[in-house]
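Here is the naming used below: chain letters follow the sequence lines, and residue numbers restart at 1 for every chain. Computed from a predicted structure; not experimentally measured. The figures here come from the full heavy-atom set of this structure, side chains too, leaving out hydrogens, waters and symmetry mates.
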There are 2 protein chains.
Amino acid sequence: MRVQLPAIILPRKTGERRHGNKDNNFVSKNLHAERKRRKKLSDRLLVLRSLVPIITNMNKATIIEDAITYIQELQKTSDDLSEELREMEASSEGGGKQMEMEGDAADEMEKCGIKEEIKVTYIDGNTLLIKIVLQKKRGCFTKLIETMDYLGFELSETSVTTFKGAMLFSSCVHGKFVDALMIEQTELLLDMIRSKEGNTC
Amino acid sequence: MRVQLPAIILPRKTGERRHGNKDNNFVSKNLHAERKRRKKLSDRLLVLRSLVPIITNMNKATIIEDAITYIQELQKTSDDLSEELREMEASSEGGGKQMEMEGDAADEMEKCGIKEEIKVTYIDGNTLLIKIVLQKKRGCFTKLIETMDYLGFELSETSVTTFKGAMLFSSCVHGKFVDALMIEQTELLLDMIRSKEGNTC
DNA sequence: CGCAACACGTGAAAC
DNA sequence: TGTTTCACGTGTTGC
């Protein structure tokens with residue numbers, strides 16, 4: 001094998017033909033251009049070689065050959081990865097069936113004139129009565145409970161009923177409430193639950 | 001731009017120098033070898049070009065240049081995909097946090113002497129009173145409801161309370177019950193809910 | 001020695 | 001027109 005440093009190619013001084021041209025001034029106009037072109041090509045090949053991890057030989061031809069096989073490998077692995085990811089996403093979404101069911105639930109709710117809503121009734125500084133109507137989705141109850149927990153609400157006398165694709169949640173919650181503060185943030189609370197639904201499956 | 005068919009390159013007949021060599025027999029032995037080498041290199045470049053989707057120009061230099069950018073793109077997308085996949089795998093395992101929380105819930109339940117159980121009280125041929133204590137897990141409520149729905153149970157007067165990592169579910173369900181049949185299958189029902197829990201996140 | 005790989009200068013075709 | 005790109009044959013070098 002040719003002994004050559006990986007990065008620094010020592011340019012061979014071969015073929016330097018000092019051809020004794022008769023007309024020394026007209027040494028062909030494109031000489032410089034051709035040199036530049038060759039240099040550009042060599043540099044490009046060098047960059048290409050630096051990108052390919054496995055280099056069997058330093059030959060120009062083998063550099064390109066290795067680049068070819070490397071591109072093929074990359075394409076294959078890329079395809080495999082994207083397919084694997086696609087499968088993973090598909091299985092992670094719980095199947096389109098679930099989505100359709102949720103869509104049906106929304107339709108059913110709309111057909112029956114049920115709308116998502118949240119109503120907070122202030123009892124006293126430590127007690128609220130919360131009523132929430134949500135589209136019935138997988139895990140929505142857990143997300144709701146988690147939101148309540150995140151807000152520091154302690155649930156008691158909780159009741160849940162589902163019908164016509166909707167879920168009615170009503171609960172007497174205990175905590176330190178600053179009067180009407182939370183009551184005015186009901187929409188925010190609803191958004192929190194909704195966003196939490198969107199985050200996980 | 002050079003007019004050239006994408007796939008079939010018509011070989012230029014340029015530079016065919018019929019140099020009037022004095023010694024016609026010794027036209028330099030490496031002529032054939034050099035031709036073969038050039039052809040090999042050209043062919044490799046052709047293959048490389050066929051692999052790169054975006055080709056700005058047919059030039060040798062630009063072919064390599066495009067290949068370089070393409071390889072860089074492939075490497076980047078490959079890295080991105082693998083990282084995305086890694087994240088997805090990590091989050092798809094339910095997250096160690098969630099597992100830990102569920103484990104904590106189980107510990108807390110055990111510490112408080114609460115055990116998972118199901119108790120079915122027969123009211124009449126159309127009504128049952130069901131009480132279920134389950135470990136509080138993400139989505140367990142939905143799974144429970146789905147199981148009820150699968151069994152053809154119609155829920156009414158449903159109440160849910162969570163405490164100490166456990167979830168208490170009690171409901172008055174309506175349906176066509178064949179007396180004690182379902183009552184004896186309570187363990188089966190519990191297993192169904194548990195297995196449903198295991199299926200999804 | 002031959003073999004393989006390379007850079008070079010050059011004529012010509014394409015733009 | 002001139003510029004660019006190409007293939008060619010060759011001299012040369014390292015193995």
Side-chain angles (χ1 to χ4, degrees), chain A residues 1-70, chain B residues 1-70:
Chain A
M1 193 202 287
R2 182 80 49 88
V3 176
Q4 212 160 10
L5 291 180
I8 302 131
I9 281 193
L10 42 151
R12 286 205 222 171
K13 291 295 183 185
T14 79
E16 272 190 28
R17 211 183 323 173
R18 287 277 157 262
H19 75 112
N21 206 335
K22 338 158 198 187
D23 198 343
N24 207 10
N25 199 9
F26 272 13
V27 277
S28 209
K29 286 271 268 179
N30 62 342
L31 203 155
H32 296 70
E34 179 65 12
R35 272 188 219 204
K36 240 172 45 170
R37 171 182 164 271
R38 268 202 297 266
K39 178 158 172 45
K40 189 158 70 178
L41 223 147
S42 286
D43 290 348
R44 293 274 202 283
L45 261 175
L46 229 67
V47 178
L48 186 67
R49 183 177 64 105
S50 72
L51 284 180
V52 179
I54 316 165
I55 300 151
T56 57
N57 215 342
M58 291 299 193
N59 299 338
K60 274 177 164 182
T62 45
I63 286 175
I64 300 182
E65 193 179 6
D66 292 341
I68 288 171
T69 57
Y70 182 54
Chain B
M1 192 199 290
R2 181 79 48 87
V3 176
Q4 213 160 11
L5 291 181
I8 301 133
I9 281 192
L10 41 153
R12 286 207 223 167
K13 292 295 184 185
T14 81
E16 273 191 27
R17 212 180 323 170
R18 286 280 156 258
H19 74 112
N21 205 334
K22 345 166 191 180
D23 200 342
N24 206 8
N25 200 11
F26 272 12
V27 277
S28 209
K29 284 274 264 180
N30 62 344
L31 203 155
H32 296 71
E34 180 63 13
R35 274 190 218 203
K36 246 181 25 178
R37 173 182 163 269
R38 270 203 297 265
K39 179 160 172 43
K40 188 158 70 177
L41 222 146
S42 286
D43 290 348
R44 294 275 204 280
L45 261 175
L46 229 66
V47 178
L48 186 66
R49 183 177 66 106
S50 72
L51 284 180
V52 180
I54 317 167
I55 298 148
T56 58
N57 215 342
M58 292 299 193
N59 299 339
K60 274 176 162 181
T62 45
I63 286 175
I64 300 182
E65 193 179 5
D66 293 341
I68 288 171
T69 57
Y70 182 53

Query raised in the report: Quick one: is B:R35 getting a side-chain N or O under 4.0 Å of the D:dA7 phosphate, OP1 or OP2?
Result: no
Report summary line: Separation of C:dC6 atom C1' from B:L41 atom CG, nearest Å, is 11 Å
Query - Polar pair under 3.5 Å, donor/acceptor by atom type, side chain B:E34, base D:dC8 - result: no
Query raised in the report: Tell me, do B:T62 and B:I55 make a side-chain contact under 4.5 Å, heavy atoms counted?
Result: no
Report task. State the CG-CD1 distance between A:L45 and B:I68, to the nearest 0.5 angstrom. Result -> 8.0 Å
Report summary line: Of D:dG9, D:dA7, C:dG9, the nucleotide closest to the side chain of A:L31 is C:dG9
Requested in this report: Please examine the side chains of B:V52 and B:I63, heavy atoms only from C-beta on, and report whether any two atoms are closer than 4.5 Å.
Outcome: no
Report task. Round to the nearest Å and state the distance from B:D43 atom CG to D:dA7 atom P. Result -> 11 Å
Query raised in the report: Once you round to the nearest 0.5 Å, how far does CD1 of A:I64 lie from CG of B:L41?
Result: 4.5 Å
**Report entry** Gap between atoms NZ and P, on B:K40 and D:dA7 respectively (whole Å)
**Finding:** 16 Å
Query raised in the report: Starting at CG of A:N30 and ending at C1' of D:dT5, how long is that distance when rounded to a whole Å?
Result: 10 Å
Query raised in the report: Stem ranges for DNA chain D, with three or more consecutive Watson-Crick or G-U pairs under 3.5 Å?
Result: C:2-15 with D:2-15
Query raised in the report: For the atom pair CE (A:M58) and CG (A:L46), what is the distance rounded to the nearest 0.5 Å?
Result: 9.0 Å
Query raised in the report: When the distance from CG of B:N59 to P of D:dA7 is rounded to whole Å, what number comes out?
Result: 11 Å
Query raised in the report: Looking at D:dT4, D:dT12, C:dA7, which one has an atom nearest to any side-chain atom of A:K60?
Result: C:dA7
Query raised in the report: Quick one: are B:D66 and B:I54 in side-chain contact, heavy atoms under 4.5 Å?
Result: no
Query raised in the report: Atom CG of B:N57 and atom P of C:dA14: how far apart are they, to the nearest Å?
Result: 16 Å
Query raised in the report: Closer than 4.0 Å, any side-chain N/O of B:R37 to the OP1 or OP2 of C:dA4?
Result: no
Query raised in the report: Taking NE2 from A:H32 and P from C:dC8, how many angstroms apart are they, rounded to a whole number?
Result: 12 Å
Report task. May I ask you to evaluate whether A:R38 reaches the phosphate of C:dC8, defined as a side-chain N or O under 4.0 Å from OP1 or OP2? Result -> yes
Query - Listed once per pair and sorted, the salt bridge (charged side-chain N to carboxylate O under 4.0 Å, His left out) pairs that draw on residues 38-48 of chain A, sequence neighbours left out - result: A:E34-A:R38, A:K39-A:D43, A:R44-B:E65
